[in-house]
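Notes follow the structure.
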Amino acid sequence: MPELPEVETVLRGLRGCVVNCRITAVEILHPAIIAGPCQRFREGIQGREIAGLERRGKALALRLRASDGDEAGYLLLRLGMTGQVVIANHDVALAPHTHVRLMLNGGPKEIRYRDVRRFGSLRYCTRQEMEQVFGALGPDALEMTEREFRGRLNGRKGAIKGWLLNQKYIAGLGNIYADEALFEARIHPSTPADRVSSAQTKKLFEAVRHVLQKAVALQGTSFRDYVDIDGRPGNYLPRLKAYQRDGEPCPRCGALIRRMIIGGRSSHFCPRCQRRPTRYKTLGGHSVP
DNA sequence: GCAAGCCTGACC
DNA sequence: GGTCAGGCTTGC
C-alpha cells in the first residue's frame with residue numbers, strides 16, 4: 001500500500017530519471033483512471049517538460065513546463081491502494097492493468113501507470129488547483145513540527161487511530177505506518193485523541209517520524225503490490241512489528257498481537273504494551289474513574 | 001468476504 | 001464543524 005515512504009521512494013526514482021524529459025505522447029488505456037475530462041488531461045501534459053517533483057503526504061505532483069520555459073501546471077498522481085509508477089521501454093510488453101503510458105523524449109523510455117484496484121487517479125491541474133489539493137491536506141508527516149502535531153491533535157475526540165489516518169490533520173500515514181507508530185509509542189489505537197497524555201503525544205510524534213524515516217531509508221514496505229519505478233519491492237516488511245502480525249508474539253513482551261476493527265479499519269496492536277487508558281469511559285458526560 | 005485510500009453524504 | 005458509514009474495485 002503506497003503511504004508516505006512508498007510515494008517518497010517513487011518520487012526519488014522519478015527525480016533521477018524523468019526531470020527535464022518531455023512528454024511526447026500520451027496513451028490512455030483506461031479512461032476511468034483519469035480524474036476530469038481525458039481531453040483536458042491530454043492537452044495539459046502533452047508536449048510539456050517535467051520540471052520537477054513535489055509531494056505532500058501520499059500525493060505526488062510532477063511540475064510541468066512549456067517549451068518557452070513558462071510554468072504549465074502539474075500532473076497530479078494519487079496511487080490509491082495498488083497504484084504503481086514504473087519506467088519501461090516502449091517495446092516491453094505491458095503488464096496487466098496498465099492504464100496510462102507517457103512516452104518521454106520520443107521514446108523508447110516511458111512512464112507507465114498500473115493499478116489493479118483502480119483506486120488511484122491521474123489528473124492535470126493548474127497551479128491553483130494543485131495548491132488547492134495540497135492545501136486540503138494537513139502538513140506532511142515528515143515536515144510537521146511537534147507543535148503543529150500537538151495543535152492539530154488538541155481537542156479531537158475520535159480514536160487516535162482515525163486521527164492518524166485522517167489526511168487533513170497529518171498527511172502521509174496509512175494503515176501500516178499508523179499501526180506501527182502506535183505500537184512504537186505504546187498507545188492503544190482506540191484511545192480517544194483527547195485522552196492521549198502530553199508525554200504520550202511526544203512519544204507518538206517521535207514514533208511517527210522514526211517509523212517513516214526508517215521506512216523511507218528502506219524504500220518502503222511491499223505488502224502486496226507496491227514496487228518502485230524499477231519494479232523492485234521495498235525492504236521494510238521484515239521490520240513490521242504489529243501490522244498483519246495478529247496471533248504472533250509481540251516483539252517487546254511476547255503477548256499475542258491482536259487485531260480489531262477501529263474506525264472501520266483493521267488495527268493491530270499488543271494488548272499488553274498498548275493499554276487502553278482506564279479512566280476515559282464517560283457516563284452523562286462525566287469522567288468515571 | 002475481505003483489504004485498502006479517498007470521496008460523498010447522513011447525522012448530530 | 002466533526003464523526004462515521006458506504007461505495008468504489010478485484011485478486012486472494
Side-chain angles (χ1 to χ4, degrees), chain A residues 1-8 10 29-36 55-61 76-85 95-100 113-123 125 129-130 132-138 140-141 151-181 189-196 212 215 220-227 233-234 236-237 240 242-247 257-269 280 282 284-285:
Chain A
M1 274 52 85
E3 304 180 29
L4 186 153
E6 292 76 32
V7 177
E8 177 65 19
V10 169
L29 297 102
H30 195 114
I33 208 74
I34 307 296
R55 183 187 61 74
R56 181 132 169 191
K58 308 173 201 175
L60 179 60
L76 184 67
L77 276 144
R78 310 200 83 144
L79 303 182
M81 181 182 174
T82 55
Q84 299 178 349
V85 178
H97 311 288
T98 300
H99 304 313
V100 178
Y113 182 74
R114 265 193 91 204
D115 193 344
V116 174
R117 297 286 186 277
R118 307 210 308 266
F119 274 25
S121 65
L122 284 77
R123 179 180 166 189
C125 290
E129 288 168 334
M130 183 276 195
Q132 220 165 28
V133 170
F134 274 30
L137 301 169
D140 185 84
R152 288 173 167 265
L153 189 54
N154 190 35
R156 297 278 96 80
K157 293 188 187 345
I160 187 66
K161 173 72 184 278
W163 183 84
L164 285 172
L165 291 177
N166 193 328
Q167 304 297 303
K168 75 179 174 192
Y169 298 131
I170 174 170
L173 291 164
N175 215 25
I176 297 177
Y177 300 112
D179 278 1
E180 293 301 304
S190 73
T191 310
D194 63 357
R195 305 295 306 201
V196 176
L212 292 177
T221 302
S222 294
F223 192 72
R224 279 207 185 85
D225 302 86
Y226 169 74
V227 292
Y236 195 79
L237 189 70
L240 295 179
Y243 183 77
Q244 287 287 341
R245 290 194 173 273
D246 42 310
I257 298 290
R258 281 197 56 193
R259 173 178 172 275
M260 96 189 246
I261 304 295
I262 293 162
R265 287 282 175 267
S266 64
S267 301
H268 312 79
F269 62 97
Y280 73 76
T282 58

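Everything numeric here is computed off the predicted structure, so don't read it as measured data. Letters A, B, ... mirror the listed sequences (proteins, then strands); counts begin at 1.
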How many whole angstroms separate atom [atom1] of [X] from atom [atom2] of [N]?
X	N	atom1	atom2	answer
A:Leu153	C:dT3	CG	C1'	16 Å
A:Leu76	B:dC6	CG	P	11 Å
A:Ile33	B:dG5	CD1	C1'	12 Å
A:Arg117	B:dC2	CZ	P	15 Å
A:Met81	B:dG5	CE	C1'	9 Å
A:Leu4	B:dG5	CG	P	13 Å
A:His268	B:dA4	NE2	P	7 Å
A:Leu79	C:dC8	CG	C1'	17 Å

Side chain A:Arg258, main chain A:Met260, donor-acceptor under 3.5 Å: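 Checked: no pair found.
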
Donor-acceptor contact present, side-chain A:Arg152 to main-chain A:Lys168, <3.5 Å: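 Answer holds: yes.
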
Decide whether [X] and [Y] meet the rule of one side-chain donor and one side-chain acceptor closer than 3.5 Å.
X	Y	result
A:Thr221	A:Tyr243	no
A:Arg118	A:His30	yes
A:Asp115	A:Tyr113	yes
A:Glu6	A:Tyr236	no

Under 3.5 Å donor-acceptor pair, A:Arg118 side-chain atoms to B:dG5 base atoms: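 Answer no: no donor N or O sits under 3.5 Å from an acceptor.
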
Look at the side-chain N and O atoms of [X] and state whether any lies under 4.0 Å from the OP1 or OP2 oxygen of [N].
X	N	value
A:His97	C:dT9	no
A:Arg78	B:dC7	yes
A:Tyr177	B:dG5	no

Touch class at under 4.0 angstrom, heavy-atom based, for A:Gly174 against every strand present: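 Touches sugar-phosphate only.
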
Sugar-phosphate, base or nothing in reach of A:Thr82, heavy atoms under 4.0 Å: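 The answer is nothing, as A:Thr82 stays clear of every strand by at least 4.0 Å.
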
NZ/NE/NH1/NH2 to OD/OE distance under 4.0 Å, A:Lys58 and A:Glu3: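 So A:Lys58 does not pair with A:Glu3 through a salt bridge.
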
Close approaches to DNA chain B from residues 156-170 of chain A, in residue order (heavy atom, under 4.0 Å):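 A:Gln167, in order of number.
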
